[in-house]
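Keep in mind that this is a model prediction, so the values were computed, not measured. We count ligands from 1, going down the list as the structure has it; atoms in each ligand are counted the same way. Residue numbers run from 1 in the order of the sequence given.
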Amino acid sequence: MNGEPIFPILLFFCFCYSSFAIDTLTPSRPLSNGETLISTNGTFALGIFTPPNTTNRYIGIWYHNIAVQTVVWVANRRNPIPDLNATLSITADDASLHLTISGNSIPLWSSPSFPNSTPNPIAQLLDSGNFVVKSLDSNSVLWQSFDHPTDTLLPGMRFGPNLKTGIDRNLTSWQSLSDPSPGKYALAIDPIGVPQLVIRESSGGWIWRGGPWNGFGFSGADPEHFFDLALYQEFISRFISTPEEIYYYYNTVGDAISIVNMHQNGTDRRYEWKASSQQWDLVWLGPSDACDFFPACGTNAICDANRSPICRCLDGFEPRNPMSWGRGDWSDGCVRGAALGCGKNGTDDFMVVRAAKLPDTTEAAANMSLDLDGCRTRCLMNCSCNGYASADLSSGGNGCITWMAEIKDLRVYANGGQDLYVRVAPRDKGTDSCSF
Ligand SMILES: *[C@@H]1O[C@H](CO)[C@@H](O)[C@H](O)[C@H]1NC(C)=O
Ligand SMILES: *[C@@H]1O[C@H](CO)[C@@H](O)[C@H](O)[C@H]1NC(C)=O
Ligand SMILES: *[C@@H]1O[C@H](CO)[C@@H](O)[C@H](O)[C@H]1NC(C)=O
Ligand SMILES: *[C@@H]1O[C@H](CO)[C@@H](O)[C@H](O)[C@H]1NC(C)=O
Ligand SMILES: *[C@@H]1O[C@H](CO)[C@@H](O)[C@H](O)[C@H]1NC(C)=O
Ligand SMILES: *[C@@H]1O[C@H](CO)[C@@H](O)[C@H](O)[C@H]1NC(C)=O
Ligand SMILES: *[C@@H]1O[C@H](CO)[C@@H](O)[C@H](O)[C@H]1NC(C)=O
Ligand SMILES: *[C@@H]1O[C@H](CO)[C@@H](O)[C@H](O)[C@H]1NC(C)=O
């Protein structure tokens with residue numbers, strides 16, 4: 001071994017990490033023209049990037065240690081930099097960040113200001129990929145990029161609404177691969193009823209429902225649909241719901257690299273970085289079959305992608321519009337046949353639907369202190385209740401969800417899912433009373 005090939009490598013190393021790499025902006029040290037911030041351990045970089053097939057430029061954060069440029073956050077997604085000479089600076093007086101171009105006093109992008117509160121403000125790019133504004137002398141964060149996601153979720157980021165501040169931490173797709181401005185689709189947690197993961201269109205309608213959290217994952221993001229179960233083991237997910245804040249987050253195991261992305265074609269994807277092949281592997285994609293598109297078979301029906309036709313009414317229900325149902329137009333759904341007893345004509349029964357993705361929980365309620373028997377009793381007590389299920393599978397089946405409106409957007413899996421109990425009229429007693 002001679003020293004020749006090693007020497008330039010060392011030189012390169014020193015150039016990148018020792019002499020020039022900084023991770024922090026200060027009022028006297030803005031980021032200008034082509035410079036980048038590099039996080040302490042070299043995982044993330046922040047600077048100007050140019051998407052393919054455009055001359056527009058943006059301030060973004062990307063993986064510094066991954067050869068395929070992977071932008072995970074964009075500051076000025078609505079206002080591109082038309083000119084290379086842009087400066088990102090932090091204001092001493094109010095700790096606000098500004099992206100400016102020479103000769104133009106109106107910033108292309110700014111972060112909120114915190115007047116009179118912050119001696120020595122700095123903005124630092126952390127090894128988590130979070131860009132935080134804080135005071136040099138304090139650890140309390142004034143503003144952070146993690147509260148304003150673009151289209152990508154990183155480990156440790158909180159995803160979901162902060163009901164106290166009103167910040168909705170959703171993932172909004174890029175317009176196209178060349179244009180990071182907000183596109184048509186957003187992956188979000190909808191807090192109404194029992195909170196659910198959804199893909200919303202810009203019109204407000206849903207195109208996919210990941211459903212409520214079941215203790216392991218979202219009911220409609222079933223592990224069955226992971227392409228590679230080994231990669232599925234490489235991250236750990238949690239869901240927290242409090243009156244102030246509802247959020248999902250995940251962390252990776254070991255040195256795995258895993259991201260969630262809301263793609264511009266309306267699919268929510270999880271990728272894992274495969275070092276051996278130097279590429280991102282797609283490990284999960286939703287919506288992924290006909291039963292995934294909201295509201296699948298409509299009300300009081302089951303979607304089963306492995307049957308033909310895919311839609312059928314729940315037992316005890318009939319097509320609302322037999323003509324259109326027969327033609328394969330499922331939009332009108334199904335209606336109840338025999339009326340519920342509701343305690344008057346004897347107690348109703350429940351029919352179990354196995355391997356179910358839980359139906360829409362917009363008009364459902366959860367009670368974590370009831371078990372499955374208590375859940376059944378609770379449902380029977382109210383005539384509006386059309387079904388129930390366990391809310392938390394991780395503890396062996398605890399907690400209770402009751403559906404206080406019609407069952408909607410119900411599908412079954414080949415395996416996985418969970419038991420859903422659908423309320424039906426008292427069958428035997430009903431027949432008896434007819435034959436008298
Ligand atoms: C960029 O444009 C070329 C030529 O039109 C096209 O082949 C390529 O797919 C485009 N790349 C992206 C990322 O849009
Ligand atoms: C941008 O920077 C270059 C090099 O520093 C300089 O020559 C040029 O005049 C600047 N352009 C503007 C519009 O300021
Ligand atoms: C860098 O730091 C992050 C956050 O602490 C950690 O998850 C990651 O493993 C570190 N990466 C390297 C290459 O040291
Ligand atoms: C996503 O979050 C942004 C920022 O809070 C908000 O303006 C937007 O309405 C949200 N979009 C959706 C579809 O939830
Ligand atoms: C989105 O992309 C995925 C993966 O490439 C593909 O399977 C799917 O059909 C696309 N969906 C739409 C609506 O174009
Ligand atoms: C109870 O049964 C009677 C007789 O079959 C029927 O007329 C009535 O509608 C039923 N009531 C309810 C609430 O279903
Ligand atoms: C949940 O059920 C328990 C037991 O019946 C009851 O005491 C409690 O009030 C219920 N909680 C809510 C939020 O309804
Ligand atoms: C049944 O539930 C509905 C919806 O949650 C509620 O408005 C109604 O008061 C309940 N009825 C009874 C008798 O508890």
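- Of the residues V422, V194, L420, L410, the one that meets the side-chain contact (heavy atoms from CB on, under 4.5 Å) test with W403 is L420.
- For ligand 4, the protein residues within 4.0 angstrom (heavy atoms only) are D168, N170, A186, R200.
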- Candidate pair R270 and E234, rule salt bridge (charged side-chain N to carboxylate O under 4.0 Å, His left out), full reasoning: CA-CA 12 Å; R270 184 179 281 276; E234 295 200 336; over 6 Å; no

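- Atom CG of L31 is separated from atom CD1 of I48 by 7.5 Å, given to the nearest 0.5 angstrom.
- Remark: distances from the non-hydrogen atoms of T43 to ligand 3 include one below 4.0 Å.
- For a threshold of 3.5 Å applied to N or O pairs, the pair formed by N382 and ligand 8 contains at least one separation below that value.
- Atom CG in N56 sits 10.0 Å away from atom CZ in F49 (nearest 0.5 Å).
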- Message: The test is salt bridge (charged side-chain N to carboxylate O under 4.0 Å, His left out); show your working for D190 and R209 and say whether it passes.
- Response: CA-CA 10 Å; D190 190 301; R209 205 176 51 79; over 6 Å; no

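- Remark: ligand 3 and N41 share an N or O pair separated by less than 3.5 Å (distance only, no angle test).
- Although no hydrogens or angles enter the test, the distance criterion places no donor-acceptor pair under 3.5 Å between the side chain of T54 and the main chain of T50.
- Heavy atoms from other residues, nucleotides or ligands lying under 6.0 Å from CG of N139 number 12 at most.
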